[in-house]
Student: 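Quick one: the structure is below, questions incoming.
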Amino acid sequence: MAEIIDGKKVAAEVIEKVKRQTTELVSSGTRPGLAVVIVGEDPASQVYVASKSKMAKECGFHSVQHSLEADTSEEKLVALVEELNSDPAIHGILVQLPLPDRIDAGRIIQTIAPEKDVDGFHFINVGKLGTGETETAFVPCTPTGCMLLIERVRGKDLSGLNAVVIGRSNIVGKPMANLLLAANATVTIAHSRTKNLAEIARNADILVAAVGRPEMVRGDWVKPGATVIDVGVNRIPAPERGEGKTRLVGDVAFTEAEKIAGAITPVPGGVGPMTIAMLMANTLRSAAQSVGRKSPEL
Ligand code: GUN
C-alpha cells in the first residue's frame, strides 16, 4: 500500500513558517497585504476566495476582499486592479478565475503588476518560469504546492526520473511541467488528445493528474512505486450517503491507485491545502522583495 502524502500537514508547516517570518517582517515595518477579487456568485469560487482571505488574516497579513457584482464591467475591473497596483499596502493581487465570459480574463491578468502577481499568471512570470528564472518568478500556487509534496518523497533533484503531467492548463499543467523540468525530471505532457494515455502514464515515476475528470486515472495506469499527485477536485453524486448527497473525488481512482503507487495524495487533504499555503508564501515573498529583503525560506 502506498504512503499517503498528507498535504494538510505539509501545508500547516508552510503556514507556520509564513507566520513566523511575517512577524519578523511586520516588526521591521512591513505588513504583507493580499487583495482578493471575485466577480459574481459562483459558489465554489466563493468558498475558495473566503478561505484565501481568512488564511491571509490568520497569517497576520493585511487582507482585503473585493466582491463585485456579476454584471461588473471589464473597465471597472481594470480600474480596480490598477488601483491595487498602486496601493503600497498591497503586495499580492489575486483575481479569482473563472471570470464571467463577457470579461476578457487575459486582459485583466496582464493588468496586474508582475511584482504583485502572486498567482504567477502574468506573461513576465510565465516567461521567467519558462526560461528557468525560478528564483525571481512568481510561480502558480497549485504546481508549486505539488512540487513541495513531490520533494518530500523524491527530494529536490529528480534526475533520471520520468514525470508525466496529464493536463495542459496554464494554471496547473504547463507550469507543473516547467517546474519538473527545472528539477531535472524527464517530462511528458499528456492531454485529452494524447494517444495511448494509459501506456504513457504507466511510464511515470511521478504522475501528476490535472484534468478535471473524476477518477479518470485507473489503478492499472500507475507504475508500481510511482509518486501520484492528484490535482483534481470533482464533486460527484453519492447516493450511498443519502438522497442528493455528493462527495469529492480526484482525477485518480484512489482505492485502485493506492495499491500500486509508492506514494499518493488523497482528495481532499492532498494538493488542495497546499495551494492556499503557497499563495501565502508568494504574498510574503512579494512583501519582503518590495522592501529589498531576500525571499523567505520555506
Ligand atoms: N481558480 C482556480 N484556481 C485558481 C487559482 O489558482 N488562482 C485564481 N486566481 N483563480 C483560480
Student: Please give me the minimum heavy-atom distance between V164 and A190, naming the atom from each residue.
Tutor: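 Of all heavy-atom pairs spanning V164 and A190, the closest is CG1-CB, 4.5 Å.
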Student: Check the pair S28, R293 against side chain to side chain donor-acceptor pair (under 3.5 Å), reporting the backbone distance first and the verdict last.
Tutor: CA-CA 11 Å; S28 74; R293 290 169 69 118; 3.3 Å; yes
Student: In this structure, would V249 and V228 fall into the same cluster of hydrophobic residues linked by side-chain contacts under 4.5 Å?
Tutor: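 No, no single cluster joins them.
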Student: Scan the side chains in residues 134-146 for donor-acceptor partners under 3.5 Å anywhere in the protein, sequence neighbours excluded, and list what turns up.
Tutor:
residue	atom	partner	partner atom	Å
T136	OG1	K128	NZ	3.4
T142	OG1	T275	OG1	2.9
T144	OG1	V139	O	3.4
T144	OG1	P140	O	2.6

Student: Taking ILVMFWY side chains as joined if any heavy atoms are under 4.5 angstrom apart, and letting links pass through other members, which residues group with V47?
Tutor: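 Besides V47, the cluster holds no residue at all.
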Student: Among residues at least two apart in sequence or on other chains, which ones pass side-chain contact (heavy atoms from CB on, under 4.5 Å) with A257?
Tutor: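 Counting only residues at least two positions away or on another chain, A257 forms a side-chain contact (heavy atoms from CB on, under 4.5 Å) with V222, V252, I264.
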Student: Are any side-chain N or O atoms of N184 and backbone N or O atoms of L158, one a donor and one an acceptor, separated by less than 3.5 Å?
Tutor: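 Side chain of N184 to backbone of L158: no pair is present.
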Student: Given the rule in the salt bridge (Lys or Arg N to Asp or Glu O under 4.0 Å) test, do E240 and R247 qualify, once you have shown the distances and angles that lead to the verdict?
Tutor: CA-CA 10 Å; E240 72 281 5; R247 65 189 175 98; 3.4 Å; yes
Student: With rounding to the nearest 0.5 Å, note down the distance linking NE2 in H66 to CG in L94.
Tutor: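 These two atoms lie 12.0 Å from each other.
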Student: Do you see a donor-acceptor pair shorter than 3.5 Å between the side chains of Q65 and S67?
Tutor: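 Yes - a donor-acceptor pair under 3.5 Å links their side chains.
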Student: Taking NZ, NE, NH1 and NH2 as the nitrogens, is one of them in R285 or E115 under 4.0 Å from a carboxylate oxygen of the other?
Tutor: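 Looking at E115 together with R285, the answer is no, because their closest N to O distance does not fall below 4.0 Å.
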Student: Take a 6.0 Å sphere around CZ of R213 and say whether it holds more than 12 heavy atoms from other residues, nucleotides or ligands.
Tutor: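 Not more than 12 within 6.0 Å, no.
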Student: Between the side chains of E74 and R107, is the shortest nitrogen-to-carboxylate-oxygen separation below 4.0 Å, so that they form an ion pair?
Tutor: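 Yes, R107 and E74 are salt-bridged.
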Student: Please give me the minimum heavy-atom distance between L25 and A287, naming the atom from each residue.
Tutor: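 Reported closest heavy-atom pair: CD2-CB, 3.8 Å.
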Student: Could you see if L34 belongs to whatever hydrophobic cluster contains L77? Use Ile, Leu, Val, Met, Phe, Trp, Tyr and a side-chain cutoff under 4.5 Å.
Tutor: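 Same hydrophobic cluster.
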Student: Is the number of heavy atoms from other residues, nucleotides or ligands within 6.0 Å of CD1 (I124) greater than 12?
Tutor: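 Not buried by this count: 12 neighbours or fewer within 6.0 Å.
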Student: Please tabulate, for side-chain N and O atoms in residues 10-17, each donor-acceptor pair with protein atoms closer than 3.5 Å (sequence neighbours left out).
Tutor:
residue	atom	partner	partner atom	Å
E13	OE1	R152	NH1	3.0
E13	OE1	R152	NH2	2.7

Student: Quick one: name the residues clustered hydrophobically with L248, using the 4.5 Å side-chain heavy-atom rule over I, L, V, M, F, W, Y, and just say none if it's on its own.
Tutor: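 Result for L248 is Y48, V233.
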Student: Is L207 linked to V231 within one hydrophobic cluster, defined over Ile, Leu, Val, Met, Phe, Trp and Tyr using a side-chain heavy-atom separation of less than 4.5 Å?
Tutor: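 Not linked; separate clusters.
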Student: Using a cut-off of 6.0 Å, state whether more than 12 heavy atoms not belonging to E75 lie near its atom CD.
Tutor: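 Check passes, neighbour count above 12.
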Student: Please tell me whether V153 and I150 are part of a single hydrophobic cluster in this structure, the criterion being side-chain heavy atoms less than 4.5 Å apart.
Tutor: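 Linked within one cluster.
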Student: In the hydrophobic clustering that connects Ile, Leu, Val, Met, Phe, Trp and Tyr at side-chain heavy-atom distances below 4.5 Å, which members other than M1 occupy its cluster, ordered by chain and number?
Tutor: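 None, because no other hydrophobic side chain comes under 4.5 Å of this residue.
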Student: Any luck finding a side-chain donor-acceptor pair between Q289 and K294 under 3.5 Å?
Tutor: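 There is no such pair (donor and acceptor under 3.5 Å, judged by atom type) between the side chains of Q289 and K294.
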Student: Tell me, yes or no, whether the heavy-atom count around E41 atom CD, taken from other residues, nucleotides or ligands under 6.0 Å, exceeds 12.
Tutor: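 12 or below, so no.
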